[in-house]
Every structure is written in structure tokens, then in C-alpha cells.
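Okay, structure first, notes after.
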Amino acid sequence: MSTTQKLRKGLLPVKPMRDYFQDVYDVVRQIPAGRVTTYGAIARYLSLRAGARMVGWAMNGSHTQPDIPAHRVVNRLGILSGKHFFGSPTAMQERLEAEGIRVENDQIVDFTSVLWDPASELTV
DNA sequence: AGCTTGACATGAT
DNA sequence: AATCATGCCAAGC
């Protein structure tokens, strides 16, 4: 059970806020290559009251953690909203394409078929 | 010590 | 159907 989930159930007295950043990273790390997920999906899976925006904020710190495939997280429309935060404007797209995901005009082609929803794919 | 601003999402208009 | 408005919470200013 994640730290956030424990907190929600009252199993933890307080939640150091950085911790749900870790939860987010843990989920992101589990995204299979060639699949993507959304900020909202992660937020829902972790029962984050904070919502999707905080997931995005969490990802802001992901560059410190090397093993985070941040390029596999996009917004609910399949748009590469975070590409601006990669080294080059095309880095995110190139990484996705390297995994077999087609990207057209900053948007993932056939988005729904590559979508990986942790709530349904990751057994809870 | 407020006020604005987000790698978002959803409900209301 | 397509905007507009709001919730969420942390940081920057």
C-alpha cells in the first residue's frame, strides 16, 4: 500500500508532502515501455485529493530521479504537455517514438490503445 | 503574508 | 459542442 493510501486510511498521522511525490514516481516507473498514462489516472489511482495538477508538479522534481520515464506521462488528451521540460523540444517525442508510439503534432496517435491506466492494469 | 501560476481534470454554462 | 469556471496544493514572487 502506498504512503498516500495509508494516510487516507488514517494509518499515518501526518504525511510529509514529498512522499506522494515518491508514490507518483513509483507508479511512473511501472509504466511499461510503449505505453503511456495520464496525470489524472495517476492521481485517481493514488487517491490523491490534490488532483492531477500535483502529479504534474511532482513530475517537476522527477528530473532529479534518473529512472523516471517522464515521457510516458501525458495529459488526458494524449498531448505531450511536458515536452517543454525535456532537453530539446523534440526529446520527448523521440523517446516515445523509440518505443513504438506514434506522435503527430505533439499528440499521441491512437492514444486510447496505448493508454495504460494503473487503476485497471495494475492490480489493486 | 497574500496573489498568481502551473507537466491537469471536470462540471457547468 | 465548445468555452468558462472552479478545485486542488505547492512554489515563486
Side-chain angles (χ1 to χ4, degrees):
Chain A
M1 178 184 300
S2 77
T3 310
T4 304
Q5 288 168 328
K6 285 181 191 167
L7 177 77
R8 278 200 109 236
K9 297 193 172 187
L11 300 179
L12 290 178
V14 226
K15 176 170 190 29
M17 106 179 128
R18 302 260 186 206
D19 270 9
Y20 76 74
F21 281 45
Q22 272 306 331
D23 288 345
V24 171
Y25 301 151
D26 284 342
V27 174
V28 173
R29 267 192 277 259
Q30 295 177 62
I31 304 173
R35 308 288 298 280
V36 296
T37 194
T38 70
Y39 304 96
I42 295 174
R44 282 198 313 272
Y45 173 68
L46 294 176
S47 305
L48 281 187
R49 231 176 90 248
R53 265 188 141 154
M54 287 302 102
V55 177
W57 184 254
M59 295 309 292
N60 194 359
S62 71
H63 67 80
T64 61
Q65 307 283 335
D67 293 332
I68 311 293
H71 58 285
R72 295 187 193 137
V73 185
V74 297
N75 74 3
R76 92 179 197 95
L77 301 173
I79 296 175
L80 280 54
S81 32
K83 76 164 192 172
H84 192 60
F85 280 75
F86 286 74
S88 84
T90 54
M92 186 176 188
Q93 173 168 348
E94 285 170 7
R95 283 195 183 175
L96 288 171
E97 287 174 338
E99 296 177 355
I101 297 175
R102 280 143 302 170
V103 178
E104 229 176 78
N105 202 15
D106 292 342
Q107 185 162 359
I108 295 185
V109 179
D110 214 358
F111 175 58
T112 54
S113 69
V114 290
L115 176 59
W116 181 83
D117 184 359
S120 51
E121 310 255 0
L122 207 58
T123 312
V124 192

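Letters A, B, ... mirror the listed sequences (proteins, then strands); counts begin at 1.
- Following rounding to the nearest Å, A:Lys83 (NZ) and B:dC8 (P) show an atom-to-atom distance of 14 Å.
- Across the protein-nucleic acid pair, A:Ile31 atom CD1 and B:dA7 atom C1' stand 13 Å apart, rounded to whole Å.
- Nearest nucleotide to the side chain of A:Ala50, out of C:dC8, B:dC8, B:dA7: C:dC8.
- Across the protein-nucleic acid pair, A:Phe21 atom CZ and C:dC8 atom C1' stand 13 Å apart, rounded to whole Å.
- In this structure, A:Phe85 places its CZ atom 12 Å from C1' of C:dA11, rounding to the nearest Å.
- The side chain of A:Ser81 has B:dA7 as its nearest neighbour among B:dA7, C:dA10, B:dA9.
- Between the A:Tyr25 side chain and the A:Ala58 main chain, a donor and an acceptor come within less than 3.5 Å of each other.
- The residues A:Glu99 and A:Arg35 are annotated as not salt-bridged, no charged nitrogen and carboxylate oxygen being separated by less than 4.0 angstrom.
- Comparing the same atom, C1', in C:dA10 and in B:dA1 gives a spacing of 16 Å after rounding to whole Å.
- Taking a cutoff of 4.0 Å between a charged side-chain nitrogen and a carboxylate oxygen, A:Asp67 and A:Arg29 do not qualify as a salt bridge.
- If you take CG of A:Asn75 and P of B:dA7, they are 11 Å apart, rounded to a whole angstrom.
- To the nearest angstrom, P of B:dC8 lies 12 Å from NE2 of A:His84.
- Residue contacts shown for A:Gly51 are absent, as no nucleic acid heavy atom lies under 4.0 Å away.
- For C:dA11, neither phosphate oxygen OP1 nor OP2 lies less than 4.0 angstrom from any side-chain nitrogen or oxygen of A:Arg53.
- Residue A:Ala70 is in base contact, counting any heavy-atom pair closer than 4.0 Å across all strands shown.
- Following rounding to the nearest Å, A:Leu80 (CG) and B:dA7 (C1') show an atom-to-atom distance of 10 Å.
- When the nucleotides B:dA9, B:dA7, C:dA10 are ranked by their closest atom to the side chain of A:Tyr20, C:dA10 comes out on top.
- Look at the C1' atom in both B:dT4 and C:dT6: the space between them is 15 Å, to the nearest Å.
- Minimum heavy-atom separation, A:Thr37 to A:Pro118: OG1-CD, 3.4 Å.
- You'll find that the side chain of A:Arg49 is closest to C:dC9, out of B:dC8, B:dA7, C:dC9.
- Residue A:Thr38 places no side-chain N or O under 4.0 Å from the OP1 or OP2 atom of B:dC8.
- Here, C:dA5 and B:dT5 have their P atoms 15 Å apart, quoted to the whole Å.
- Looking at A:Asn75, its side chain does come within 3.5 Å of a backbone N or O of A:Leu77 through a donor-acceptor pair.
- The backbone N or O of A:Gln93 sits nowhere less than 3.5 Å from a side-chain atom of A:Thr90 that would complete a donor-acceptor pair.
- Nucleic acid contact class of A:Asn60 (heavy atoms, under 4.0 Å, all strands): base.
- One can place CZ of A:Arg76 at 13 Å from P of B:dC8, the figure rounded to the nearest angstrom.
- Side-chain nitrogen and oxygen atoms of A:Arg44 include none within less than 4.0 Å of the OP1 or OP2 phosphate oxygen of B:dC8.
- To the nearest whole angstrom, the two P atoms, one in B:dC8 and one in C:dA1, are 25 Å apart.
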